[in-house]
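Following: one structure in structure tokens, then a few remarks.
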Amino acid sequence: MSSTAEATRTYQVRTYGCQMNVHDSERISGLLEQAGYARAADGGDADVVVFNTCAVRENADNRLYGNLGHLAEVKRHKPDLQIAVGGCMAQKDRDTVVERAPWVDVVFGTHNVGALPVLLERARIEQAAQVEIKESLETFPSNLPTRRDQAYAAWVSISVGCNNTCTFCIVPSLRGKETDRRPGDILREIETLVADGVQEITLLGQNVNSYGVEFGDRQAFGKLLRACGEIDGLERVRFTSPHPAAFTDDVIAAMAETPNVMPQLHMPLQSGSDRVLRAMRRSYRSERFLGILDRVREAMPEAAITTDIIVGFPGETEEDFEQTLEVVRRARFSAAFTFQYSIRPGTPAATMPDQIDKAVVTERYQRLVPLVDEIAWAENKKLVGQPVEVMFADHEGRKDDRTRRMSGRARDNRLVHVAVPEDPALRPRPGDVATAVIDHAAPHHLTSDSGITGLRRTRGGDAWQARTAQPTAAGVSLGMPGIGVPTVRPAPQTGCR
């Protein structure tokens, strides 16, 4: 940027949708900071506001344009404010964004995130909206600078795009065909992150376990998991989200035999009816799905398995829905992201006959959610009285300040709220690890009020402390996807699977 005033301009990124968007937003933040912008204080005004949008969730358009309408009034009083819209909706709607919100300065797509700083500067100089949408990926997102949300945990994208044709999903047309990174590039990124204090990574892909299809190695994902196990200092490895049709036994073996790969699996079901799965173009059936879960639990009895379920897909009958309920009973999910089907323009399902009446969809949904919660609660109760290893997190528990607890994730990714000492010398930092005995179970979280043991100060905690630079009197600072979320339900974890 060309002047001191511009170098101190502030930015804010507002993210909607899946983990892939969260990862992209970290790249957007990194790009802007490299270009001389500073992150705006929480709750403060920004000179640049970037919307990283989602085209999967219901009412995504209304939410975006409502927020843009609010900023139009702000911009009337602050003409130098710049507004940018990126992500899946920008890729889908292109010029429509500027037509409906002419006060937007920049529109960019999923394939050219790296162009944002240049587009903002061009819009400022030319005093005209800049719309740039690319049809293919310009550079793999992980090649861009980043500003991670957490010092001790990171997303690592191993592929982008999707080769599937699920009829409810628009993501392949917005993210393109699957593009895989080379294993060496992925491992070098992870090693760099670990050297920077990261101790937990989550491997990201639209269908993460189909990794390797582009360079012809169908066992590449299992090999990658095993290679992660060789990285010294990498304590926890997770991944999201696999597709049941491509899930193979070599991946199960890699999970079970690699100590830092966590006993957690998010396996999207979508429907328990084989007839509906065919209509969705999901290339597996319910018995195959349940068979995968059986083999995972045989190899890792402690594994927690979560899922995605869509209620009310076009043509779904009461019998189809009952089959979904039966699969849920048999699968014993630790949690589920449940969704009421709604039309997504541009998808084959949007024009299918036999769209289900909204009242019917809602009624079925209201039967599914209590069943999911009942099973999740029963699964969580099995851990009462058991010790679990908790990696403490930053701002994971909304009530932590009031309850004098800190929250974090167990190895199986369950959310755990833990009573911790007031003494800073004995209190964990985000990133630190301790053992807690579970005293109470709820459908979406676990609680431990009996104190922690074996507190281990970690490099991740050191990295968090260095970032926050807020030492206490004793020199210790105070303080991801997952199990323990309510079943109403955020966006699918990677847009769709």
Side-chain angles (χ1 to χ4, degrees), residues 14-21 51-68 85 87-93 96-97 100 110 162 164-175 206 241 266 268-273 275-282 306-318 320-325 327-328 335-372 485-497:
R14 303 183 186 182
T15 307
Y16 306 134
C18 65
Q19 273 101 328
M20 199 68 75
N21 270 19
F51 292 89
N52 191 9
T53 63
C54 173
V56 174
R57 298 196 68 181
E58 185 177 11
N59 296 324
D61 294 53
N62 292 339
R63 186 178 183 189
L64 171 65
Y65 291 112
N67 284 320
L68 290 177
V85 178
C88 288
M89 186 176 295
Q91 186 78 25
K92 178 173 73 77
D93 289 349
T96 305
V97 175
R100 292 186 59 178
T110 58
C162 180
N164 292 319
T165 58
C166 301
T167 53
F168 56 80
C169 183
I170 198 170
V171 167
S173 66
L174 303 179
R175 295 275 182 178
Q206 218 71 49
S241 285
H266 185 80
L269 171 64
Q270 308 301 9
S271 174
S273 162
R275 193 184 68 82
V276 172
L277 289 172
R278 281 192 292 271
M280 290 177 167
R281 290 189 199 151
R282 300 286 288 179
T306 60
T307 197
D308 298 330
I309 301 171
I310 297 173
V311 176
F313 187 81
E316 180 189 74
T317 64
E318 178 62 23
D320 293 324
F321 178 67
E322 288 291 343
Q323 289 170 3
T324 294
L325 296 180
V327 172
V328 168
F337 296 82
T338 55
F339 306 90
Q340 298 184 48
Y341 173 80
S342 60
I343 290 174
R344 301 294 187 268
T347 63
T351 57
M352 285 182 174
D354 301 322
Q355 300 285 330
I356 309 299
D357 183 81
K358 176 67 173 175
V360 174
V361 176
T362 300
E363 188 274 334
R364 289 176 183 169
Y365 182 82
Q366 290 172 345
R367 279 189 280 155
L368 172 65
V369 169
L371 176 62
V372 167
V485 294
T487 46
V488 181
R489 315 277 198 226
Q493 292 193 8
T494 55
C496 88
R497 273 79 54 196

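Every heavy atom of this structure was used, including side-chain atoms; hydrogens, water molecules and symmetry mates were not.
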Minimum heavy-atom distance I343-A350, with the two atoms named: CG2-CB, 3.5 Å
Distance in Å, E316 CD paired with M280 CE, rounded so as to fall on 0.5 Å steps: 7.5 Å
Results of side-chain hydrogen bond (donor to acceptor under 3.5 Å, both in side chains) for R367 - residues two or more places apart only: E318, E322, E363
Spacing of CD1 belonging to I310 relative to OG1 belonging to T324, to within rounding of 0.5 Å: 10.5 Å
Separation of R364 CZ from T338 OG1 (nearest 0.5 Å): 15.0 Å
Any residue meeting side-chain hydrogen bond (donor to acceptor under 3.5 Å, both in side chains) with T167, in chain and number order, not counting sequence neighbours: none
Test side chain to side chain contact (heavy atoms under 4.5 Å, CB included) applied to F168 and Q270, step by step: CA-CA 10 Å; F168 56 80; Q270 308 301 9; 4.0 Å; yes
Any residue meeting side-chain contact (heavy atoms from CB on, under 4.5 Å) with T165, in chain and number order, not counting sequence neighbours: R281
Nearest heavy-atom neighbours spanning S241 and H266: OG-CD2, 3.4 Å
P314 vs D354 side-chain heavy atoms within contact, under 4.5 Å: no
By side-chain contact (heavy atoms from CB on, under 4.5 Å) - contacts of D357 (at least two apart): A359, V360
Gap between atom CD of Q340 and atom CD1 of I356 - 0.5 Å precision: 12.5 Å
Listed partners of F313 passing ring pair (Phe, Tyr, Trp, His ring centres under 6.0 Å), at least two apart: Y341
Spacing of CD1 belonging to I309 relative to CZ belonging to F337, to within rounding of 0.5 Å: 11.5 Å
Nearest-0.5 Å distance, OG1 of residue T110 to CG of residue N52: 9.5 Å
Q206 side chain to C162 backbone, donor-acceptor under 3.5 Å: no
With Q355 via side-chain hydrogen bond (donor to acceptor under 3.5 Å, both in side chains) - residues at least two apart: none
D93 and T53, any side-chain heavy atoms less than 4.5 Å apart: no
With D320 via side-chain hydrogen bond (donor to acceptor under 3.5 Å, both in side chains) - residues at least two apart: S273, R275, T317
